[in-house]
Asker: 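Before I ask anything, here is the structure I am working with.
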Amino acid sequence: MNMVTLFFLFFCAHTRLSTSIPSRYDKIFSFGDSIADTGNLLHSGALANPVIGRLPYGQTFFRRPTGRCSDGRLIIDFVAEKYGLPYLPPYLAIAESLESKAKHGVNFAVAGSTALDAKFFYDKGIGRILWSNDSLSIQLGWFKRLKSQMCTTKQECDNYFKRSLFMMGEIGGNDYNYAFFVGGTITDLKRLVPLVVETIISATSMVIEDGAREVVVPGNFPIGCSAIYLTMFETQNKTAYDGNGCLKAYNAFSKYHNTKLKLALEKLREKYTRVRIIYADYYGASKALSHIPNHLGLENGLTACCGGGGPYNFNNTARCGHIGSKVCEDPSTYANWDGVHLTETAYRHIATGLLDGTFTSPPI
Ligand SMILES: *[C@@H]1O[C@H](CO)[C@@H](O)[C@H](O)[C@H]1NC(C)=O
Ligand SMILES: *[C@@H]1O[C@H](CO)[C@@H](O)[C@H](O)[C@H]1NC(C)=O
Ligand SMILES: *[C@@H]1O[C@H](CO)[C@@H](O)[C@H](O)[C@H]1NC(C)=O
C-alpha cells in the first residue's frame with residue numbers, strides 16, 4: 001500500500017450573530033487539527049486539490065465545501081453557536097485583516113497538524129506523510145502575531161482576552177496516527193505520550209501567560225472505534241474487541257494519553273490558580289456513539305457514511321470523495337463520516353455532552 005496515499009486522510013465564515021443576551025464569551029481562540037479546522041488547511045495550499053475542498057464534504061449544513069473535515073458543523077461550530085458567536089474564521093483566510101475580521105476570535109487549527117513540530121517527524125524519516133507542517137508552535141506564532149496587532153500593554157491584553165474562551169485542541173491525535181500507520185506499536189507509542197502531553201501543556205501555559213483566563217484542553221477520542229483503525233488493525237482475534245466492536249488496545253492507548261494529560265492539567269491548575277483550566281473529555285462524550293448508537297438515532301456507530309467499501313466502509317484506495325466511494329443516503333444516521341472524521345450529528349452529540357452534559361471538568 002502506498003504510504004503517502006494512506007496518510008492523506010489525516011487531515012483532515014459564516015456569520016450567525018445571535019440576539020440579545022450578552023454572552024459569557026465575546027471571543028473564541030481555537031488551536032488544533034482536523035477536528036477543529038474550519039478552513040486553514042484549504043487556505044494553506046499545502047495540498048494540491050484536497051478532497052476536503054470538494055463535495056460531499058460540507059454537503060449537510062453549509063451545502064458547499066468549507067475545508068471542514070465533515071459533512072457539516074464541527075464541535076467548535078456548536079461551541080460558537082452556544083455562546084452566540086459567529087463561526088470562527090480560519091486564520092489563514094483573514095491574516096491580512098485581523099483587526100476587522102477577528103473581532104470574535106480566530107481559528108488557528110489546521111487539519112493534519114501535530115502537537116510536536118513537523119521537524120520531529122522529518123527527523124524520524126516519516127515527515128513526507130504529514131499533510132501540514134503547521135503544528136502547534138506555528139499556530140502559537142500566528143496567535144502571537146494576532147496579539148501584537150490587538151493589544152500592547154499587559155493591562156490592555158488582559159482586558160482584550162478577559163472574556164475569551166481558548167480551546168487547545170484536540171491536538172496530538174495525529175502525532176499518534178502518523179506513528180501507528182507507519183507501523184509503530186502501542187509500546188513504542190507510549191514513549192511518545194509524555195512528549196505530546198508536555199507540548200500541549202506548554203502551549204496552554206503560553207496562552208495563559210498571554211492573558212487567557214478560561215482554557216479548555218480536550219483529550220483524545222476512542223481511536224479503537226474509528227473506522228480507519230478498525231480496518232487497518234482488523235484481526236480474527238475476538239478478544240481484541242470490546243462489546244461495542246471497538247479495538248480495546250487502541251482505546252486503552254487513548255485513555256493512557258488522557259490520564260497523563262489530566263495529571264499534567266492538575267499541576268497546571270496549582271500554578272495558575274486564578275485561571276479556569278477545563279479538561280474536555282472527548283473520549284467519554286464520544287463513547288456513546290458506539291456504545292448506544294440506536295439510542296442516539298444512529299443506524300451504525302462504527303461504519304463510515306462515505307467510503308469505498310469494506311467491513312467499515314473505509315477503503316484506502318477509494319476514500320470519501322474519490323472515485324469508487326459513495327455517500328450514505330442519510331449522514332444523520334451515522335457517527336463516522338469518512339472513516340477518520342465524524343459526522344455533524346456525532347459532533348453535535350459530543351458538543352452537547354461538553355456544553356450541557358458532564359464531559360467537562362470543571363464544568364464549562
Ligand atoms: C514541510 O516541511 C518540509 C521540510 O521543510 C518540506 O519539504 C515540505 O514541503 C513541507 N510540507 C508542507 C505541506 O508544507
Ligand atoms: C488477542 O487479543 C487479546 C486482547 O488484545 C490479547 O491479550 C491476546 O494476546 C491476543 N491473542 C492472540 C493470539 O494474538
Ligand atoms: C476498494 O476500492 C477499490 C477501488 O475502487 C476496489 O477495487 C476494491 O474492491 C474495494 N475494496 C473493497 C473491500 O470494497
Side-chain angles (χ1 to χ4, degrees), residues 1-12 33-34 37 39-53 67 91-92 109-139 141-142 174-175 177-178 180 185-187 189-190 222-225 227-256 302-328 338-340:
M1 200 177 328
N2 178 335
M3 278 300 169
V4 174
T5 55
L6 178 66
F7 291 107
F8 118 97
L9 265 174
F10 284 92
F11 311 98
C12 257
D33 57 25
S34 57
D37 185 1
N40 280 313
L41 180 70
L42 217 51
H43 280 279
S44 78
L47 298 176
N49 197 17
V51 75
I52 59 168
Y91 171 80
L92 293 177
V110 185
S113 68
T114 49
L116 303 177
D117 286 352
K119 183 176 182 305
F120 176 89
F121 299 92
Y122 279 91
D123 289 350
K124 292 245 181 302
I126 59 168
R128 72 205 159 81
I129 69 178
L130 268 59
W131 267 34
S132 165
N133 291 344
D134 297 326
S135 53
L136 204 42
S137 66
I138 303 282
Q139 296 177 28
W142 295 343
N174 284 325
D175 300 61
N177 290 338
Y178 291 133
F180 275 131
T185 66
I186 287 173
T187 313
L189 263 77
K190 278 190 170 173
I223 56 174
C225 305
I228 187 171
Y229 276 80
L230 286 163
T231 304
M232 288 194 63
F233 303 113
E234 192 179 12
T235 164
Q236 296 305 313
N237 177 358
K238 290 206 163 50
T239 59
Y241 295 91
D242 68 15
N244 308 314
C246 302
L247 287 163
K248 287 193 283 200
Y250 290 92
N251 277 355
F253 177 80
S254 286
K255 283 191 187 167
Y256 180 82
L302 301 180
T303 305
C305 160
C306 181
Y312 302 96
N313 196 26
F314 176 81
N315 180 344
N316 189 50
T317 52
R319 298 155 312 214
C320 179
H322 285 265
I323 294 163
S325 79
K326 281 206 296 270
V327 199
C328 65
D338 61 5
V340 182

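Atoms within a ligand are numbered from 1 in the order they appear, just like the ligands themselves.
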Asker: Among all the protein's non-hydrogen atoms, which is closest to atom 7 (O) of ligand 1, and how far away is it?
Answerer: Y122 OH, 4.2 Å
Asker: Starting from atom 1 (C) of ligand 1, which protein heavy atom do you reach first, and at what distance in Å?
Answerer: N133 ND2, 1.4 Å
Asker: S137 vs D117, test: side-chain hydrogen bond (donor to acceptor under 3.5 Å, both in side chains). Steps then yes/no.
Answerer: CA-CA 7 Å; S137 66; D117 286 352; 2.7 Å; yes
Asker: Just verifying a value: how many Å separate F253 CZ and T187 OG1, rounded to the nearest 0.5 Å?
Answerer: 10.0 Å
Asker: Distance to the ring centre below 6.0 angstrom and angle to the axis at most 45 degrees; does that hold for K238 and Y241?
Answerer: no
Asker: Would a search of protein heavy atoms around atom 5 (O) of ligand 1 find one under 4.0 Å away?
Answerer: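 Protein heavy atoms within 4.0 Å of atom 5 (O) of ligand 1 - there are none.
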Asker: Which residue is it: Y256, F180, Y250? I am looking for the one with a side chain to side chain contact (heavy atoms under 4.5 Å, CB included) to L189.
Answerer: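 Considering Y256, F180, Y250, a side chain to side chain contact (heavy atoms under 4.5 Å, CB included) with L189 is found only for F180.
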Asker: So, taking the atom named CG in L130 and the one named OH in Y178, what distance separates them when rounded to the nearest 0.5 Å?
Answerer: 4.5 Å
Asker: By number and element, which atoms of ligand 1 are closer than 4.0 Å to a non-hydrogen atom of A46?
Answerer: 13 (C)
Asker: Look at atom 9 (O) of ligand 2 and say whether a protein heavy atom is found at less than 4.0 angstrom from it.
Answerer: no
Asker: Looking at side-chain heavy atoms only, is the closest gap between N315 and S325 below 4.5 Å?
Answerer: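 They are not in contact (no side-chain heavy atoms under 4.5 Å apart), so the answer is no.
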Asker: Considering only protein heavy atoms, which is closest to atom 13 (C) of ligand 2, and at what distance to one decimal place?
Answerer: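 Nearest neighbour among protein heavy atoms for atom 13 (C) of ligand 2, to 0.1 Å: N237 ND2, 4.3 Å.
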Asker: Which bit of T239 is near ligand 2, meaning a heavy atom under 4.0 Å away: side chain, backbone, both or neither?
Answerer: both
Asker: Any atoms of ligand 3 less than 4.0 Å from a non-hydrogen atom of G309? List them with their elements.
Answerer: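 Under 4.0 Å from G309, ligand 3 has these atoms: 14 (O).
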Asker: Measure the NZ-OG1 distance between K248 and T239 for me, rounded to the nearest 0.5 Å.
Answerer: 5.5 Å
Asker: Out of T317, N313, I323, whose heavy atom sits nearest atom 3 (C) of ligand 3?
Answerer: T317
Asker: I'd like the name of whichever of A318, G307, S325, G308 reaches closest to atom 14 (O) of ligand 3 through any heavy atom.
Answerer: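 The option holding the nearest heavy atom is G308.
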Asker: Counting heavy atoms only, which of N316, N315, T231 comes nearest to atom 12 (C) of ligand 3?
Answerer: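 Selected option, by shortest heavy-atom distance: N315.
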Asker: Please round to the nearest 0.5 Å and tell me the distance separating atom CG of L247 and atom OG1 of T235.
Answerer: 8.0 Å
Asker: Can you find an N/O atom of K248 closer than 3.5 Å to an N/O atom of ligand 2?
Answerer: no
